[in-house]
Amino acid sequence: MDKKEGCILVVDDDRDVLITARMLLKQNFSTVITTDDPEKIPSLLKKYDFDVVILDMNFRPGKTSGAEGLHWLKQILKIDSKICVLMNTAYGDIQIAVEAMKIGAAEFIVKPWEREKFIATVQSVYNLSKSKRKVNKLEETQKLLNQQINKDYSEIISRSKSMDNVFKTIQKVAATDANVLILGENGTGKELVAREIHRQSERSEKPFINVDLGAITNTLFESELFGHVRGAFTDAKEDKHGRFEIASGGTLFLDEIGNIPQSLQTKLLTAIQNKIITRVGSLKKIPVDIRLICATNRDLYQMAEQENFRQDLLYRINTVEINLPPLRERKEDIPLLANHFLNKFKLKYNKKNIKIQSASYKVLKDYSWPGNIRELMHLIERAVIMCEEKEITAEDFAIKKRNIKPEPKSLNVDEVEKNTIIKALEKNNKNYTKAANELGMGRSTLYRKMKKYGI
């Protein structure tokens, strides 16, 4: 058998046991340290990175209770909870073994050992130790990745009153596991809100898995979300975990949920409702624990009325609903966001002294921003790249004149919609069915919008 790069500590008051253990283990592990004095354990743990500690249960003559071993087991795990401890005793008391395992021992062996059994047991505990360390490393890596991602999505920047309700809702819902539906135009920051809910939740140390449902083909939908087993279809050459499994314990963010065809909505509803998935090609049911957040730029209520989106799925995903206002309704946030992106791209493109000319902010505020915050970010990046002076001017923004709409406040989108609904109701003598038909929406959508505008 190949020699493993393992580090083993043997603690026993019997010097013959230490000699035998060292002789056997040196054939299989690179480093073997022995001591007959348990008081040296703390200093040895500081000096070496042990994979396995083989610990005697009794150190003083006549003692058979195992209390000393249990004491040092607790001390070892207190110093380093990742170490795997193999308890070693000449007395096969099952109660001591059970107590040691409850405290955290990895395994239990009784002296005198059989050579093969001793080596096999130590190797088994060593393999467990390496697995634990690998998992711990993966968890730490995931934690660092989450921290880096959260840093990139670290702050929702706003002074706008239209965002007050968004912030309040995030704070209230984050502490729960309620399903959240985020509505808003493209580029308004729906993923940013989803990540902020996750960051403030008790699941923040667990994965945040983002799935763009608009980018998944119908044929790969089940495989991507629920996983598959080897041989399930032509290209399934190995088992694959789905996004539901990967997100288990954390948050699953389903972006563009309005794009799911009806044929697949039932399968998604079943998984969300039962919190159980089945991989493609398998009959095994796998429980999952996810916090679900969905987002879309489409009117799911109208789609439900037109039977393009299942009502029961809609009710399942929108326990709490967050409506994100478009950038044109957050004019006061434009300078804040512009400078945020400016600072980001100044560092990226090594243009540290560049700034936006004061007069240029008016051009940004007068623009209608059909692409919202995402469009602003790309425009600032382009301006930083192209600007050859220390100030970015209106010309550097390269905004097409035809898109500049210095509209009066009375043409605010919400106000226009509110006035249009009022006119439709007056025209049809408050016949809601006729008014809804003329407006091109269902009755429930009309009622929802009337409630929204206080009509």
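Everything numeric here is computed off the predicted structure, so don't read it as measured data.
If you take CG on Leu300 and CD on Gln311, they are separated by 11.5 Å, rounding to the nearest 0.5 Å. Residue Lys449 holds its NZ atom at 13.5 Å from NZ of Lys418, rounded to the nearest 0.5 Å.
Side-chain N/O atoms of Asp289 and Ser248 include no donor and acceptor closer than 3.5 Å. For the 3.5 Å distance criterion, the side chains of Ser160 and Ser158 fail to qualify, holding no donor opposite an acceptor. For the residue pair Asp366 and Tyr361, no side-chain donor N or O sits within less than 3.5 Å of a side-chain acceptor on the partner. At a cut-off of 3.5 Å, with distance as the only test, no side-chain donor of Asn308 or Gln262 sits close to an acceptor on the other residue. Between the side chains of Ser201 and Arg291, no donor-acceptor pair is found at a separation under 3.5 Å. Defined by atom type and a distance below 3.5 Å, a donor-acceptor pair is missing between the side-chain atoms of Asn297 and Glu185. Glu196 and Gln200 share a side-chain donor-acceptor pair at under 3.5 Å.
No donor-acceptor pair closer than 3.5 Å links the side chain of Glu389 to the backbone N or O of Ile354. Looking at Asn179, its side chain never comes within 3.5 Å of a backbone N or O of Asn318 through a donor-acceptor pair. Looking at Glu329, its side chain never comes within 3.5 Å of a backbone N or O of Ser162 through a donor-acceptor pair. Side-chain atoms of Asn274 never come within 3.5 Å of backbone atoms of Ile276 as a donor-acceptor pair (strictly under, hydrogens ignored). No donor-acceptor pair under 3.5 Å is formed between the side chain of Lys390 and the backbone N or O of Lys355. Looking only at distances, a side-chain donor or acceptor of Arg298 sits under 3.5 Å from a matching main-chain atom of Gly258. Asn431 contributes a side-chain N or O that, together with a main-chain N or O of Lys434, makes up a donor-acceptor pair within less than 3.5 Å. Panel note: side chain Ser360, backbone Ala394; a donor-acceptor pair is recorded below 3.5 Å. Judged purely by atom type and a 3.5 angstrom limit, Lys351 uses its side chain to pair as donor or acceptor with the backbone of Val384.
Residue-environment remark: CZ (Arg230) stays at or below the threshold of 12 foreign heavy atoms within 6.0 Å. Within 6.0 Å of CD on Gln306 lie more than 12 heavy atoms contributed by other residues, nucleotides or ligands. Residue Gln171 qualifies as open at atom CD: its count of foreign heavy atoms under 6.0 Å is 12 or below.
Ring pair Trp369/Tyr367 is perpendicular by interplanar angle, where above 60° counts as perpendicular and below 30° as parallel. Between Phe226 and Phe244, the two ring planes are tilted [angle within 30° to 60°].
Ion pairing between Arg382 and Asp396 fails under the 4.0 Å rule for side-chain N and carboxylate O. Between Arg448 and Asp299 a salt bridge is recorded (basic side-chain N to carboxylate O distance below 4.0 Å). Remark: Lys240 engages Glu224 in a salt bridge, criterion side-chain N to carboxylate O under 4.0 Å.
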